[in-house]
Amino acid sequence: QVQLVESGGGSVQAGGSLRLSCAASGRTFTNYAMGWFRQAPGKEREFVAAISWTGGSAYYADSVKVRFSISRDNAKNTVYLQMNSLKPEDTAVYSCAARARGTLDSGSYYPGVYEHWGQGTQVTVSS
């Protein structure tokens, strides 16, 4: 079982930066691929980024590529999402998720393949 707790959300002006953290409990964290998803009010949950269990592979949504960076520290059981050049359209609740399949594939973009989810953290970007 993996439990996930996100932190680092908040309010920031457009152009600013935030770093989200997702702390995982459970001894098998290192075996899991991790993903970040976001959901804005009235919208579907959408993929943001994913990282393989080694940290050697990462996928990004086109909307955040170049601006966001996902990383992980398996010694600390933590995955990060560094968000730069934030835009008002990045406003959403950001959630991290864990998938027992540790490598990335075409399914990594879809929330349904992730077995464990955190509660989410709010990110608000003002213009």
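These values consider heavy atoms only, across backbone and side chains, with no hydrogens, waters or symmetry-generated copies.
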Practice prompt. Determine yes or no for a side-chain-to-main-chain donor-acceptor pair under 3.5 angstrom, with Ser52 supplying the side chain and Gly102 the backbone.
Written response: no
Response to the item:
So CG of Leu18 and CG of Asn84: to nearest 0.5 Å the spacing works out to 9.5 Å
Worksheet item: Which pair of heavy atoms, one from Ala14 and one from Ser127, lies closest together, and at what distance?
Response: CB-CA, 4.3 Å
Discussion item. Are Glu115 and Arg99 packed together at the side-chain level, in the sense that at least one heavy-atom pair is separated by less than 4.5 angstrom?
Written reply: yes
Practice prompt. Might you point out which heavy atoms bring Ser17 and Gln82 nearest each other, and give the distance in Å?
Written response: CB-NE2, 4.0 Å
Worksheet item: Is it true that Lys65 and Asp62 have a side-chain N and a carboxylate O under 4.0 angstrom from each other?
Response: yes
Worksheet item: Between Glu6 (side chain) and Leu20 (backbone), is there a donor-acceptor pair under 3.5 Å?
Response: no
Discussion item. Can you tell me if Gln3 has over 12 outside heavy atoms packed within less than 6.0 Å of its CD?
Written reply: no
Practice prompt. Could you tell me which non-hydrogen atom of Val2 sits nearest to which non-hydrogen atom of His116, and how far apart they are?
Written response: O-ND1, 3.5 Å
Discussion item. If you compare all heavy atoms of Ser21 against all heavy atoms of Thr78, which two are closest, and at what distance to 0.1 Å?
Written reply: CB-CG2, 4.2 Å
Worksheet item: Can Trp53 be reached from Leu104 by stepping across I, L, V, M, F, W or Y side chains whose heavy atoms are under 4.5 Å apart?
Response: no
Worksheet item: Looking only at heavy atoms, what is the nearest atom pair of Trp36 and Leu81, with distance?
Response: NE1-CB, 3.6 Å
Item to complete: Give the cluster check for Tyr59 versus Val79: same hydrophobic cluster or not, with ILVMFWY residues linked at side-chain heavy-atom distances below 4.5 Å.
Response: no
Fill in: Ile51 CD1 to Cys96 SG distance, which is reported to the nearest 0.5 Å
12.5 Å
Discussion item. Testing the basics here: between Ser108 and Thr103, what is the closest heavy-atom pair and its distance to 0.1 Å?
Written reply: OG-O, 4.4 Å
Worksheet entry | Tyr60 ring center within less than 6.0 Å of Phe68 ring center | no
Worksheet item: Do Arg38 and Tyr94 pass the side chain to side chain donor-acceptor pair (under 3.5 Å) test, and can you show the C-alpha distance, the side-chain angles, and the key distance before you say yes or no?
Response: CA-CA 4 Å; Arg38 66 187 182 186; Tyr94 285 70; 2.9 Å; yes
Worksheet item: So which of Tyr109, Tyr110, Tyr114 actually passes ring-ring contact (aromatic ring centres under 6.0 Å, His included) with Phe47?
Response: Tyr109
Item to complete: May I have the step-by-step check of side-chain contact (heavy atoms from CB on, under 4.5 Å) for Arg67 and Asp90, ending in yes or no?
Response: CA-CA 11 Å; Arg67 300 187 297 123; Asp90 294 318; 2.7 Å; yes
Practice prompt. Give a yes/no verdict on a cation-pi contact between Arg72 and Tyr32, requiring under 6.0 Å between NZ or CZ and the six-membered ring centre and an angle within 45° of the axis.
Written response: no
Discussion item. Using the rule that Ile, Leu, Val, Met, Phe, Trp and Tyr join whenever any side-chain heavy atoms are under 4.5 Å apart, tell me whether Phe37 and Met34 fall into a single cluster.
Written reply: no
